[in-house]
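Nothing here was measured: the structure is a model prediction, and the numbers come from that model. Order of the sequence lines fixes the chain letters, A, B, ..., with proteins taken first and strands second; residue numbering starts at 1 for each chain. Note: hydrogens, waters and symmetry copies are ignored here, and every other heavy atom, side chains too, is used.
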Amino acid sequence: MTAVELAGITKRFPGVVANHDIHLSVRKGTVHALVGENGAGKSTLMKILYGMQKPDEGTIAVDGEQVTFSSPADAIVRGIGMVHQHFMLADNLTVLENVVLGSEKLYGIGAKARRKIAEISERYGLGVRPDVLVENLGVADRQRVEILKVLYRGARILILDEPTAVLVPQEVDALFDNLRELKSEGLSVIFISHKLGEVLSVADDITVIRRGTTVGTAVPAETTPRQLAELMVGSELPTPETAESTVTDQPVIQVKGLTAFASGGASLGDLAEPTPDSGLVAEDTAETAGAVKRVLDDVTFTIHAGEVMGIAGVEGNGQTELIDALIGLKRADSGSVTFLGEDITAWATRKRREQGIGYIPEDRHRHGLLLEAPLWENRILGHVTEKPNAKGVWLDIKGAQEDTKRIVKEYDVRTPGIDVTAASLSGGNQQKLIVGREMSHNPKFLIAAHPTRGVDVGAQAQIWDQIRAARREGLAVLLISADLDELIGLSDTLRVIYNGRLVADADPATITPEELGSAMTGAASGHLENEELAAQAELEEHAETPADAPEDEAR
Amino acid sequence: MKKFDKERLLLAVAGPVIALVVAVALTSVVLIASGKNPIEPYSIMFEQATFSDIQVLIINQASLYYIAALAVAIGFRMNLFNIGVDGQYQLAAMMAAVVGAHVALPAALQVPLLILTAVFTGAFWAGIAGVLKVTRGVSEVVATIMLNAIATSVIAYLWLPSVFGVKVGNNNTTGEMHKSGWVPGFSMGEAGEIYGLVILAVVLGIGYWVVLNRTRFGFDLRASGASESAASASGVDPKRMVLTAMLVSGGMAGLAGLPILLGDTHTYSLNFPTGIGFLGIGIALLGRNSPVGIAFAALLWAWLDKASPELDFHGYDKEIAVIMQGLIVIAVVVSYEAVREWGLRRQQRRVGAELAAGHVLGAANNTEKEVAGR
């Protein structure tokens, strides 16, 4: 019996196809995991199922009956509930008040509601106390309140969006026990994650989503993390073969002992503050309470002219902080960055860019473009002080427009003109514009974060060509990517980042995506060699990926 | 690319036109509801606009509104809400009046001195909010509202006879300024005099456009407003930008009271116009932060102000104009957002369609690759 059946779901946003021909079938009384890299389209799909967005094509069936949702209220009526990654609770209200909020009609707000909460809590072993203020609860307790909230509204199908992102391992285990309770009561759970170890331990079925479409399903008992990783990142793409080495012995960028501490947000350091009222969390995080988490921990490396250094790692392991420290958006707390022999640790972002550091940002919409500005203004962005965009303190609008036309031509940005807004281009064309812009200033060091994410295969090959051509001319590149083929294919040297540390290095000539994938879980360290790794892979069947900082909220 | 330029013009005009139509319609509803003729008040007010003395009043009033609205608009362009223009221009006018009454230089030096006094006073007052925001994260909205209240108290203090005040009957003034600081107006004969500093308003408008659209600083400021994250990744120091924008906005605000101070009252008294800073917010909104748009909006506002008193003589309430101003502001906010989204979608569709039809820039190396926006 299927609880939910999604067939042929397609969802387009202006310029991008977020979901394309997605098929998903969830059996009743099971935990169904939906896995895929960030930006693969998992969240969009769940928003569609929860009625927050309407699909352009495709059908949704709940309990065998075709439905259309125009709002989450419709989905709730059908018994679908969602636990968001970011909790939606009012801190200054009690658990009871939070649960009844918006559903006062169901069981009132008094004794009846309290009884109902106690009953649900008892039945699924949630251990929720109705009269505690939410602000006094730890993360894991809050999550249970969210789950209870959804059950209170009569949900039979629960969507959990990255529920483990904010939990420490013991809490994850407790959550999984809860999930098993739920499914033994006949409820269905859709579990979104990109942490393979967890998925394999809790799910009954797995659907893998990549680049907006479902690429396969897996049965956990017959699947290894490596096979799953392979499905997730894909390996059918044209592998860019490594040409003859262009690495010179001239260091371009030297990073020494870069360390940064977590600040703000829901990192473990913050969560560890004392929570007297919630015994569970206080115990679990006691060990981390004293120390602030290091998001970058003593990172040291050198990139030479003509060298591409790839950094592999599960997202949220310090890549963002490393990029920020290199481009100067956020200073590291200690350590130094040297660029062509000069200490640039204290330089501002603008000076770094003027002096020849190019930047292809992780999130092009947030950091790379002014979406509502015309293309030629986007060509100026980031290089407003440089030729051909400026003459003295004045903008050189003619120059910028002419050069935009050149970039559009040379980099095959498909647009009817340079006066259209960046938002009206597709993701791939936006990316080509960014790459063209950064390359036009002859950078000596390029930070390339996911340079081909969300880009179609044709544009991808083109961007790879650009990077390779510049590398031949002595460009040093720091390549951060979730696409392991891209990493292996483009890089001259490879490092693995885990929990803010560069824990391993590998030779891209000999390593395979599967080997790299398992090193990313933190199981292997030191220099990765083929045989050695194969042996280690056996030991880390249940290796867990880190439960630390939540992933970037992209798109 | 002519098509897209026409498109942009259409989008720019659609917002205010829709807002005005809605506001007029709703005002008429109010008139009908109170049992009045819904058409006649407009014709009375239009007739007023044809009298040359009213025209002079409108232009003079509009110059104050214009400068205040420009000050607000600078903040808006980078997502800063300077509600404190009101306090800034009053305090600045007061300081200029005090300096004008106590310093006597030749006109060629006196007028620039007064202008600089006003600029620095306004910038200083706004700068407090800027520093608070940059160093302590205090919302500029809260800080500037508080500073408005403080400015009122500071002005009351400065009005004390023991400080700078001069009592004229029941009125608090700062004493008459020296003649060298008076700026002569343009005489319109019977109709009256247009303030000399209307020229200043025009110059500020041109300067605003040039700085925003033609300089690196302006680009950084606009980028910060369009996307703070993209701007800082592009190398804009966000804190410095906030502080600079507050200072410029405050400096501009400081000038808002000068046309009337140097052109007419020559003293800062209880009769000095208040509330211009708040009206400037609505005018900047209606004018879409563009110097030309703001000019139209300021004239519209001034017309509503100066033509409405006549309504009282025809059995209507002049407050109709105030109702209309309020409705315009609300309608503007809604219609602009709607038009903006509509325009964006429309352009995305057009780009998609044009690409599908093969109208691509640099079509030489197009192959069978992807087509955007479809």
Bottom line for Glu354(A): the part with an atom under 4.5 Å from chain B's heavy atoms is neither
Under 3.5 Å, sequence neighbours excluded: what are the donor-acceptor pairs made by side chains of residues 135-142 of chain B?
residue, atom, partner, partner atom, Å
Thr135(B), OG1, Val131(B), O, 2.7
Ser139(B), OG, Val141(B), N, 3.1
Glu140(B), OE1, Lys133(B), NZ, 2.9
Glu140(B), OE2, Phe81(B), N, 2.9

Assert top hit (heavy-atom pairs under 4.5 Å, partner chain B, pool Arg406(A), Lys351(A), Arg353(A), Arg352(A)) equals Arg353(A)
- [ ] May I ask you to test the Phe219(B)-Asn389(A) pair for a side-chain heavy-atom distance under 4.5 Å?
- [x] no
Would you list the atom pairs, donor with acceptor, under 3.5 Å between side chains in residues 206-215 of chain B and any protein atom, with sequence neighbours excluded?
residue, atom, partner, partner atom, Å
Tyr208(B), OH, Asn289(B), O, 2.7
Asn213(B), ND2, Trp209(B), O, 3.1
Thr215(B), OG1, Val211(B), O, 2.5
Thr215(B), OG1, Gly218(B), N, 3.0

Whatever's closer than 4.5 Å to a heavy atom in chain B on Val384(A) counts as both
Cut-off 4.5 Å, heavy atoms of chain B, and the answer for Leu381(A) is both
Of Asp396(A), Ile397(A), Leu369(A), Val393(A), the largest count of non-hydrogen pairs under 4.5 angstrom with chain B goes to Val393(A)
In terms of heavy-atom pairs under 4.5 Å with chain A, the winner among Ala226(B), Pro238(B), Ala223(B), Gly343(B) is Ala223(B)
| Could you go step by step and tell me if Ser234(B) and Arg350(A) meet the side-chain contact (heavy atoms from CB on, under 4.5 Å) rule? | CA-CA 7 Å; Ser234(B) 87; Arg350(A) 175 145 296 163; 3.9 Å; yes
Applying a strict 4.5 Å limit to non-hydrogen atoms, the region of Leu371(A) in contact with chain B is neither
One should read off an interatomic distance between Ile380(A) CD1 and Arg216(B) CZ, to the nearest 0.5 angstrom, of 11.5 Å
### Query
Is a donor on one side and an acceptor on the other found under 3.5 Å between the side chain of Ser229(B) and the backbone of Arg366(A)?
yes
Review point. With a 4.5 Å limit on heavy-atom distance, are the side chains of Leu329(A) and Ser232(B) in contact?
Key: yes
For Thr349(A) and Ala233(B), the nearest pair of non-hydrogen atoms, with its separation, is CG2-O, 3.6 Å
Do other residues, nucleotides or ligands put more than 12 heavy atoms under 6.0 Å from the CZ atom of Arg240(B)?
-> no
